[in-house]
Amino acid sequence: MTGSCRLHISVWSSRRKATCRKTFRGQRQGQGHRRRISPSGSSHLARLPLLSVSHHSLFFKALQFFMCHICCSRLRCPPLRLPPVFVLLSLQDAFEVLAENYEFSEMEGPCLAFRRAASVLKSLPSAVESLRAAQDLPCLGEHTKAVMEEILRCGRSFEVEKILSDERFQTLKLFTSVFGVGPKTAEKWHRRGLRSFSEVLAEPSIHLNRMQQSGFLHYGDISRAVSKAEARAVGNIIDEAVRAITPDAMLTLTGGFRRGKEFGHDVDLIVTAAEPGREQNLLSEIIDSLKKQGILLFCEYQASTFDTTKLPSHRFEAMDHFAKCFLILRLEGSRVDEGLHSAEGDSRNWRAVRVDLVSPPADHFAFTLLGWTGSRQFERDLRRFARLERRMLLDNHALFDKTKKEFLTATTEKDIFDHLGLEYIEPWQRNA
DNA sequence: CGGCAT
DNA sequence: CGTA
DNA sequence: GCCG
């Protein structure tokens, strides 16, 4: 029954959250600023894994910019202890902090529980202002209600503030904010005594992989929000590249922007070719085009591993086997209607943007669209509902009925909701 | 007490 | 392990 | 941590 409850609740709209995390981060940067070290030491530059020698000066320039403007170094400083701060957190933000902390402690259960609690509150039409209002909500138990009571009563939570002021939490949060660095890597670096980006970059024994190199190189840009206008501009760039290859291809904006969000952390696009089998090479041709235009800053391409010949025995797996790529693109300001969403003091007329492309065969488009529209929590709830309530397996490719032992076909998202016996849920209602 | 998306 |  |  959990699944149906959650899905029912997530039908309502979302609300925007408070600004405390920003305040918190701002303060941290403030401290970092005062303690900033000179980025001049070249010892670490000599052994930085580079894309190629010719990129060296470019990398150096970018790294200097990065060290000066973004990286809040705490080199040779004692572990950071924030002075007592009055941290005003929304209930959702408080639960997200708790979830994140459990994630860093590798306690997936409690982590998920707090994510669900945050999601439930997010799905409500208005903010919860009393414990009574939360009485009948699912996914809220003893612990979450205790935190709620504290915050509703005095606007803050001892437990949450303890986490926010914890040096380990702050460092893991900082490290995982780099594209390509997850909880395990962050934990590894922290265990080795590293506490700042400059310490990581100066450590000779650390070999950053390609993704992490790009993550650091473009850190300032890709950790800044992408505006809807920028997403449209990226869409246009991909669209131009695609129609030069096949005029009958179709491009669909998905991810957070399809859910109606004004800002996102990346741009997700689905590319479909009318001609069956054409999708196999479509992405690599698009990548070639972007490369020729000189706007491809990073590319991880994963060719399709999808095999229709062994579909029935085919395992349901984590990420999809359709051709896809994770990109970082150079977006020129001149291409964005409302101008670039850039940081103050940044005189460049371009910024880097994270872009994901996926190219499914036309007959699997609906599943890919549903899977890539999110939100993350919505996808988990939907798949859990499918398995537990309907004995069906749902992923980015298909829906399998375990009772009938057959795949259910769909040309629209509506078809999939029908198969699951659910009312259609609009993308903007899937934010929680 | 087991499951938690794939 | 990272990515969605 | 919450639910079945």
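Every value quoted in this text rests on a predicted model; they were computed, and no experiment measured them. Within every chain, numbering begins at 1; the chains are lettered A, B, ... in the order of the sequence lines, protein sequences first and strands thereafter.
Within the cation-pi definition used here (under 6.0 Å to the ring centroid, within 45° of the axis), A/R192 does not qualify as a partner of A/W189.
Residue A/L137 contributes atom CG, which lies 14 Å from atom C1' of D/dC2 at whole-angstrom precision. Atom-to-atom, CZ of A/R384 to P of B/dG2 comes out at 18 Å; the value is rounded to the nearest Å. If you measure from atom CG of A/L327 to atom P of C/dT3, you get 15 Å, rounded to the nearest angstrom. Between the CZ atom of A/R383 and the C1' atom of C/dA4 there is a distance of 9 Å, rounded to whole Å. As a whole-Å value, the separation of A/L388 CG from B/dA5 P is 9 Å. Rounded to whole Å, atom P of C/dG2 lies 17 Å from atom NZ of A/K324. Per the geometry, CD belonging to A/Q377 stands 7 Å off P belonging to B/dA5, to the nearest Å. Residue A/K184 contributes atom NZ, which lies 16 Å from atom C1' of C/dT3 at whole-angstrom precision.
Within the nucleic acid shown, A/L98 has no heavy atom closer than 4.0 Å to any nucleic acid atom. Residue A/E300 is out of contact with every strand shown, counting any heavy-atom pair closer than 4.0 Å. In this structure, A/G109 reaches the bases: a heavy-atom distance under 4.0 Å links it to at least one base atom across the strands shown. Residue-level contact check: A/R376 touches the bases, meaning some heavy atom is under 4.0 Å from a base atom. Using a 4.0 Å heavy-atom criterion, one finds that A/R354 contacts the sugar-phosphate atoms exclusively. Using a 4.0 Å heavy-atom distance criterion, A/V358 is classed as making no nucleic acid contact.
Proximity of A/H265 to the phosphate of C/dA4: a side-chain N or O atom is located under 4.0 Å from OP1 or OP2. For the OP1/OP2 pair of B/dT6 and a distance below 4.0 Å, the side-chain nitrogens and oxygens of A/R387 include at least one atom meeting the criterion.
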Dot-bracket encoding of pairs in DNA chain B, which uses [ ] for pseudoknotted crossings and | for another strand, Watson-Crick or G-U under 3.5 angstrom: ||||.|
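For A/R391, there are no side-chain hydrogen bond (donor to acceptor under 3.5 Å, both in side chains) partners at least two apart in sequence or on another chain. Residues passing the salt bridge (Lys or Arg N to Asp or Glu O under 4.0 Å) test with A/E300: none are found, sequence neighbours excluded.
Under the 30°/60° scheme for interplanar angles, the aromatic rings of A/F322 and A/H397 are found to stand perpendicular.
Atom name P, nucleotides C/dA4 and B/dC4: the rounded distance is 23 Å, in whole Å. Comparing the P positions of D/dC2 and B/dT6 gives a spacing of 22 Å, expressed to the nearest Å.
No side-chain donor-acceptor contact under 3.5 Å links A/T254 and A/T252.
Closest to the A/R116 side chain, of the nucleotides C/dG2, C/dT3, B/dC4, is B/dC4. Of the candidates C/dG2, B/dA5, C/dA4, C/dG2 carries the atom nearest the A/T185 side chain, counting heavy atoms from C-beta on. Side-chain atoms of A/W372 lie closest to C/dA4 of the nucleotides D/dG1, B/dA5, C/dA4. Taking the side chain of A/A113 as heavy atoms from C-beta on, and the options C/dA4, C/dG2, D/dG1, the nearest nucleotide is D/dG1. Taking every side-chain heavy atom of A/F114 into account, D/dG1 is the closest of D/dG1, C/dA4, B/dC4. Nearest to the side chain of A/F326, among C/dA4, B/dT6, D/dG1, sits C/dA4.
A salt bridge links A/R243 to A/D239: at least one charged side-chain nitrogen sits closer than 4.0 Å to a carboxylate oxygen.
Legend: salt bridge (Lys or Arg N to Asp or Glu O under 4.0 Å) pairs involving residues 404-414 of chain A, not counting sequence neighbours, sorted by first then second residue: A/R258-A/E413, A/E413-A/R430, A/K414-A/D418. Residue pairs meeting the ring-ring contact (aromatic ring centres under 6.0 Å, His included) criterion with at least one member in residues 135-167 of chain A, sequence neighbours excluded: A/F114-A/H143. Screening residues 251-281 of chain A for ring-ring contact (aromatic ring centres under 6.0 Å, His included), with sequence neighbours left out, gives A/F263-A/H341.
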